[in-house]
Trainee: 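Have a look at this one before I ask anything.
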Amino acid sequence: MASDVRVSVEALQENQVQEVSLDGQETYVQPLSMSENLAKLAHRIDFSQEDSDGEVQLEPGEEEEEEEEERKKQEAHWPWESIRDKLRTSLVETNVLLDVLKIAKDKKYMVLDPVSQEPQPSKPVLQYVAKKESLSGAADILQKGADRLAKSQAEFSSGSRGQGDFHRELLKLRQYWRLRRAGNNILGDLSFKSAGSHYWHSGVFEVVKTTEEGMAPGSSPLEVRIPSDLEGNAYIQVVIEDQLETIIAVKAALLPNSRREAAPGEPPWNVKLEAAQNVLFCKELFAQLAREAVQMKSTIPHLVVGNQITSQIFPGVQLSIALCHNTVEEDSKDDTTSPQRCQHNHVLEHALHQMLREVHRSNLNPAPPHPVTAPFSSSKKRRVAGPQGLDRKQCTQLQETEGLLERLEKQAKHTLLRARILDMIDKLAQEVNDPCLQAHVSSIGTSTESSVRIIITSPGYEQICKTMLHVNIGVEDVKVVSKDGKVITLSYDEHELRDLLLHQACQHQVNTVQSLSKMMGWQILHLSNHVGTGPVEKLGNASGIMMASPKGDRVISVRNSPSLGPLVSVQLTRQKGCETWRSDVIKDTKWDQVGGSFKPVQWDKAKGRNFVNKIELLMGCLT
Amino acid sequence: MGVTCVSQWPVPDGKSGQQAVEMLQRRLEATGATKAGSFCVDCETYMSGQSITPSKTAHVMHSTGHPLTCFAIMDSGTCLVADSNFDQLMTKLKGFYAPRKGAKIEVKGPRYEYVDFIVKIGTVTTGPTASSRGILVEVEYTPCVVPNDCWSLLTEFMGTFMGDNKPAIPQVLASKQDGIYSPTDTILQYLEHFNNYRKSTGNK
């Protein structure tokens, strides 16, 4: 133990020699770190077996190889093989990751350290540009908002319209017109469909907000765009034309004449929409009339040319209905070119308007009641036709309905006939002074019937005798009802009535003389309204009366004819003093009473205010 | 609508029904009447089912003279005047009233107009074979609705073309007197004649 032998104990070279270079230097394999070691160990584990067996089993290498070969043989045809492999590898990786995470979580064996990366090279110029752009974008947004705010502030302070006003106007529009929203647009409806119209036109208008550039001061923030065919102003013109002259020009304009001015406080769009609606209404009316004109069968067919319907109502008299549609530009020009404009008749104008409205109404409201068992929209009369047992004739009458045109023609005929007859009566009353003709036109009547009461009197003798006639003016004929209930039907020719009135005037005078003679105590020898003697009259018959004085010695004979006027003759008996008539044979004084011949009276030289007065004076003379 | 008289026209011996009708037509045309279409009156008889006792009969009749109307007459004489939709109602009532087979009887023929008179000459046919049973003549005087007021006029007119075969006043008209004539009365007259034809065929 004395001599120490130095034994050096040296640890084995830990690291394996990887390579010995030619100069004898050894390069070592770097020892595995903990994680690498772990990974290496992990590689050895067969996870598939672990999964299947639930325990780690290390099979001998030979067996493994054999098994793998067998699998390859078996699974060569399996289509999902590649997918299975991939899934398996992914499962392995996931498991490894899980383990690593578990281990790292404990922080005993493994610590996760951030990996330092090389910083990216910074470009200061690019950054500047980017920042500038984003800043300017933000500034723009802010600026716009500020502008809008400032504008609304200014508008609010100045009281003018703006976004809020648009909505207020829209609300107002909504109160009067039907609006609906389609996408981003607001659409309105100015058709009469909701009122029962079946016209094809949709009548859609669009509501838009006035663009700020086009906003003139005083204009509405709301603008309506109507279809181009409804623009302007329209009316329906009904003219009754005689061959030579236009007697009556009637015009059915729903909004009369020129464009309607907006009432104070009324928004301009309302005027525009009303005008468009009027155009639509006129178009519908005209379309309806044109359709009826084509369908209607009459002896003289209706002419429908362009926008005019012509029909003949009386021989030589035409009724023409025209649709006048002016666009805004032509409107001012049209005012000067139609001189008949002042003559339009409110009655026909209104009637035409009303008739179409009635059609609309009846479309919408069929006659009540509405039993479920009855066919829909049948008329009241049709409904009771079965239970009341109407016969064939009545049933066919049920189906006949009068169209607008037919009714309008009737009204036009009546209007014309009435105008002609009243005109004739006026002229006749001026012509005939003796007797007096008074005409009272009744204010009560329908559009196809009116009446005139005609009273014939002799001035000063009204109490004695009065002839009254009632003239009913219809569509195509005139009925005259006399006081005794006799009805005389005359045609549409007003001369027939004129002749009748002249005849009645003649009769009236004779009748008055008759009454007068009764009062004066004269005796009526003969009275006839239709004298069969004398010259033939051009019209009617002459009427005559013969009356004797109370003593019976004088006779007055009156013959009054419409064409020749009165013819008065007087028969004087022989004068007592006149002895020439006495003879030896005729001695008795009673023969003095035998009348002599009639002597005509020079009537125009007779005294008196009028015919009856003259007769009275004559009677006075002769009594 | 006016007062109507329906009468039976006897077919003379040795003549067919068609010949008799033609003779009447000739006579009418000679008086100046004009032909104005044709007419048809039909009658369908319904029997009540077992649910109704005693059993009842209902006749449903249509006439071209009253195109929108359907008449239903019970045995008792009660007459219902209804809209033409009544037929559809009858099909719904199958359980209660079923049509009697082969009982359909109708009269068809030309229709003449002579001023205020309407004359209809019809051949009565029954059953599916449409065998002719006789001739019915209907004469209507349109302006009047009171039978008493126009009966004499009617008989006089009937005399012009029917000669001695003009009928006596029908029961329906006689009972009406000064009452107002209604379409039901015409239908009742037809039904009476139809029933007569049925009875006579039944006897045969």
Side-chain angles (χ1 to χ4, degrees), chain A residues 295-299 358-359 361-403 406 449 472 474-482 484-491, chain B residues 1-4 36-41 60-73 79-93 110-113 115-120 138-145 172 180-191:
Chain A
Q295 283 171 356
M296 204 151 78
K297 284 170 191 155
S298 58
T299 48
E358 269 169 17
V359 170
R361 195 185 129 71
S362 62
N363 284 343
L364 210 60
N365 309 313
H370 312 289
V372 282
T373 52
F376 186 66
S377 78
S378 60
S379 70
K380 235 183 226 175
K381 278 184 186 167
R382 166 67 186 83
R383 209 167 277 148
V384 296
Q388 285 186 350
L390 297 193
D391 62 15
R392 216 152 72 157
K393 202 172 161 191
Q394 288 165 316
C395 289
T396 46
Q397 278 170 359
L398 271 186
Q399 286 163 352
E400 284 168 11
T401 49
E402 266 190 339
E406 217 170 329
E449 203 167 6
N472 279 327
V475 176
E476 275 181 327
D477 56 352
V478 181
K479 277 186 182 143
V480 183
V481 186
S482 58
D484 53 359
K486 205 159 62 181
V487 181
I488 304 155
T489 308
L490 305 172
S491 79
Chain B
M1 191 210 66
V3 179
T4 307
S38 58
F39 86 105
C40 174
V41 177
V60 177
M61 297 180 75
H62 303 91
S63 164
T64 48
H66 308 282
L68 300 175
T69 316
C70 181
F71 300 89
I73 303 146
C79 185
L80 170 76
V81 187
D83 203 84
S84 46
N85 289 352
F86 184 73
D87 288 333
Q88 291 156 29
L89 200 66
M90 280 311 276
T91 57
K92 301 259 180 201
L93 293 176
R111 179 176 174 274
Y112 282 89
E113 279 179 8
V115 198
D116 286 335
F117 291 97
I118 296 173
V119 184
K120 298 169 181 172
E138 180 198 316
V139 182
E140 180 179 352
Y141 179 62
T142 45
C144 184
V145 289
V172 181
I180 288 175
Y181 193 84
S182 71
T184 324
D185 301 327
T186 312
I187 293 298
L188 284 174
Q189 286 185 53
Y190 270 111
L191 185 64

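All figures in this text were calculated on a predicted structure; none of them were measured in a lab. So that the names make sense, note that chain A is the first sequence line, chain B the second, and so on, each numbered from 1.
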Trainee: Who among A:Leu398, A:Leu390, A:Val384 has the most heavy-atom pairs with chain B under 4.5 Å?
Mentor: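 Result: the option with the highest number of such pairs is A:Leu390.
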Trainee: Do A:Gln394 and B:His66 touch side chain to side chain, with heavy atoms closer than 4.5 Å?
Mentor: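 A:Gln394 does not reach B:His66 side chain to side chain.
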Trainee: Please walk me through it: do B:Leu68 and A:Arg382 pass side chain to side chain contact (heavy atoms under 4.5 Å, CB included)?
Mentor: CA-CA 9 Å; B:Leu68 300 175; A:Arg382 166 67 186 83; 3.7 Å; yes
Trainee: Closest heavy-atom contact between A:Arg392 and B:Ser38?
Mentor: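 What the structure gives for the nearest pair is NH1-O, 3.7 Å.
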Trainee: Drop me the distance from B:Thr69's OG1 to A:Asp391's CG, to the nearest 0.5 angstrom.
Mentor: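 The OG1 atom of B:Thr69 sits 9.0 Å away from the CG atom of A:Asp391.
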Trainee: Which atom pair, heavy atoms only, marks the closest approach of B:Pro183 to A:Gln388?
Mentor: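 Minimum heavy-atom separation between B:Pro183 and A:Gln388: CG-O, 4.2 Å.
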